[in-house]
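The structure appears below as structure tokens.
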Protein chains: 2
Amino acid sequence: MLYSINPVHVLVADDTGELAMAAPHKTAPKPEPGEERLEFLADLVGYHLRRASIRDMQGMSAALESLSLRAVPLSVLLMIVENPGISAADICRAIGLKRANIVSILAELEQRGLFLREADPNDNRVQKLFPTRTGKELTAEALERLKDHEDHLLCALSGSERAELRRLLMKVWQGDEGD
Amino acid sequence: MLYSINPVHVLVADDTGELAMAAPHKTAPKPEPGEERLEFLADLVGYHLRRASIRDMQGMSAALESLSLRAVPLSVLLMIVENPGISAADICRAIGLKRANIVSILAELEQRGLFLREADPNDNRVQKLFPTRTGKELTAEALERLKDHEDHLLCALSGSERAELRRLLMKVWQGDEGD
DNA sequence: TATTGTTATACTCTATAACTATA
DNA sequence: TATAGTTATAGAGTATAACAATA
């Protein structure tokens with residue numbers, strides 16, 4: 001039963017690609033006074049934003065899986081590669097991690113030989129982090145895979161559509177700058 | 001220090017609106033043979049998709065907070081409101097929840113008087129779930145707030161831009177249908 | 001044998017609090 | 001006092017395994 005739920009409207013999703021948060025659909029009962037008709041989630045841009053982002057994230061995870069990298073550890077490694085000598089605290093500020101939570105991430109990246117710690121001569125509290133050659137190579141490989149993933153994600157869009165989508169998305173997230 | 005990291009490029013973010021996963025930027029060193037230049041994350045549509053989705057989700061959480069509703073419980077309630085008599089297992093299939101995880105969600109929604117359980121005369125294993133008037137009203141209020149949130153999220157876009165954004169996003173997430 | 005609702009449990013991600021050593 | 005790195009811990013959210021009742 002429940003074939004009546006189709007299509008399913010989504011706001012959240014699990015790791016398997018399945019979707020959560022269904023919503024109203026077709027055959028809307030005529031709005032009654034005092035019980036107005038609900039908006040359909042499928043009308044909301046946010047609904048499609050969510051689904052597109054879910055597909056992106058899933059593809060990203062898959063693209064990085066064989067490198068044994070997930071998004072946050074890659075973010076940390078990328079910060080080190082692009083900013084050699086950066087401190088852990090600065091990474092946390094830059095990418096919004098809590099200081100407590102970068103410890104285990106760095107421990108694993110260090111154990112894999114992807115970066116080295118060095119004492120900061122100017123401040124004995126801080127450790128300066130430097131990428132190893134292996135770390136740089138893994139980062140480059142990861143970013144290549146992200147690019148390939150993106151090409152697959154957007155395969156239904158033309159070049160100009162991709163540019164327009166990027167432009168519109170930038171306006172969406174930059175809209176909070178005036179908050 | 002670290003003013004050099006600007007702008008920060010993001011792939012993941014925490015609950016506070018801060019961002020994670022910075023990326024390369026400007027002044028790219030000339031690509032050397034065997035050490036090719038990395039893509040800039042800010043060039044990736046997925047980067048902006050992620051940031052836009054983050055802003056959307058945060059606004060959604062904020063919009064629902066005073067109703068003591070989060071995305072998944074609202075999804076479940078919405079399924080009941082839009083499909084009176086639905087079973088918990090069918091909700092789970094529709095929105096991608098594991099059966100084990102809907103139990104506590106239903107317990108809370110039930111305690112708040114938002115729906116009622118009724119035995120299914122055709123199958124004694126299943127409980128049919130029906131929304132109460134309170135549940136319907138809360139759902140309507142929640143969806144109104146989601147609509148208000150959307151208006152704020154997209155305030156920088158014109159009507160035609162919103163329509164175009166929705167069209168492009170649909171092409172992105174529907175691109176996985178041929179997989 | 002398969003399904004429903006349920007309990008117990010584990011794992012990931014993220015949050016706070018508190019410690020130590022430095023500044 | 002403020003900050004860096006660290007530890008411990010707690011809370012979401014989501015995953016699996018197993019059970020009793022029913023089909």
Side-chain angles (χ1 to χ4, degrees), chain A residues 1-2 11-21 54 57-58 60-61 64-65 68-76 80 85-110 115 117-129, chain B residues 1-2 11-21 54 57-58 60-61 64-65 68-76 80 85-110 115 117-129:
Chain A
M1 49 206 71
L2 193 61
L11 277 189
V12 295
D14 63 18
D15 279 348
T16 68
E18 289 308 309
L19 306 164
M21 183 141 190
I54 287 164
M57 287 188 290
Q58 289 172 342
M60 209 179 78
S61 295
L64 298 177
E65 189 175 25
S68 299
L69 273 180
R70 273 155 305 157
V72 176
L74 173 57
S75 306
V76 171
I80 298 172
I86 193 175
S87 71
D90 280 337
I91 292 174
C92 288
R93 272 188 290 273
I95 68 181
L97 271 182
K98 298 293 173 185
R99 286 198 321 281
N101 293 328
I102 203 177
V103 177
S104 59
I105 293 169
L106 286 178
E108 189 192 330
L109 294 176
E110 184 181 34
F115 79 94
R117 308 188 200 226
E118 205 174 287
D120 184 335
N122 300 323
D123 188 338
N124 282 319
R125 294 172 302 181
V126 332
Q127 303 169 348
K128 305 185 74 174
L129 312 180
Chain B
M1 52 205 69
L2 192 61
L11 276 190
V12 294
D14 62 19
D15 279 347
T16 68
E18 290 307 309
L19 307 164
M21 183 139 190
I54 286 164
M57 287 188 289
Q58 290 172 342
M60 210 179 79
S61 295
L64 298 177
E65 189 175 25
S68 299
L69 273 179
R70 271 154 305 156
V72 176
L74 173 58
S75 307
V76 170
I80 298 172
I86 193 173
S87 71
D90 280 337
I91 293 174
C92 288
R93 271 187 291 272
I95 68 180
L97 272 182
K98 298 294 173 184
R99 287 199 321 281
N101 293 329
I102 204 177
V103 177
S104 58
I105 293 168
L106 287 178
E108 190 192 330
L109 295 176
E110 184 181 35
F115 79 94
R117 308 187 200 226
E118 206 174 286
D120 184 336
N122 301 323
D123 188 338
N124 283 319
R125 293 173 301 181
V126 329
Q127 303 169 350
K128 304 186 75 175
L129 311 181

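Treat the numbers as computed from the prediction; the structure is a model and nothing was measured. Lettering of chains follows the sequences in order, A, B, ..., and the numbering in each one begins at 1.
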Enumerate the protein-to-nucleotides 20-23 of chain C contacts in which both atoms are nitrogen or oxygen and the separation is below 3.5 Å.
| residue | atom | partner | partner atom | Å |
| --- | --- | --- | --- | --- |
| C:dA23 | OP1 | A:N124 | N | 2.8 |
| C:dA23 | OP1 | A:N124 | ND2 | 3.4 |

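- When all heavy atoms are compared, the tightest approach of B:A119 to B:P121 is O-CD, 3.4 Å.
- Counting to the nearest Å, the P atom of D:dT6 and the CD1 atom of A:I105 are 13 Å from each other.
- Nearest heavy atom pair, residue A:A88 against residue A:I102, reads O-CD1, 3.9 Å.
- Nearest approach of B:L129 to B:S87, heavy atoms of both residues: CD1-C, 4.4 Å.
- With rounding to the nearest 0.5 Å, the separation of CZ in B:R117 from CG in B:L106 is 5.5 Å.
- For the pair B:V126/B:D90, no side-chain contact is recorded, criterion being any heavy-atom separation below 4.5 Å from C-beta on.
- In secondary-structure terms, DNA chain D builds stems of at least 3 consecutive Watson-Crick or G-U pairs, each pair having both distances under 3.5 Å, at C:1-23 with D:1-23.
- The nearest whole Å value for the distance from the CE atom in B:M57 to the P atom in D:dG13 is 13 Å.
- In this structure, the CZ atom of B:R70 is 13 Å from the P atom of D:dG11, given to the nearest Å.
- Whole-Å rounding puts the B:L97 CG to D:dT16 P distance at 13 Å.
- With rounding to the nearest 0.5 Å, the separation of CG in A:L109 from CG in A:L74 is 9.0 Å.
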Under 3.5 Å, N/O pairs linking protein and nucleotides 6-11 of chain C:
| residue | atom | partner | partner atom | Å |
| --- | --- | --- | --- | --- |
| C:dT6 | OP2 | B:R117 | NH1 | 3.4 |

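- Closest of all the heavy-atom pairs between A:N101 and A:S104 is O-OG, 4.0 Å.
- Residues A:R99 and A:C92 approach most closely at CA-SG, 3.7 Å, considering heavy atoms.
- For the pair B:I86 and B:I80, the tightest heavy-atom approach, listed with the atom from each and the gap, is CG2-CA, 4.1 Å.
- To the nearest angstrom, P of D:dG5 lies 14 Å from CD of A:E118.
- Whole-Å rounding puts the A:R93 CZ to D:dA2 P distance at 15 Å.
- B:L74 has its CG atom 17 Å from the C1' atom of D:dG13, to the nearest Å.
- If you take CG of B:D120 and P of D:dA23, they are 9 Å apart, rounded to a whole angstrom.
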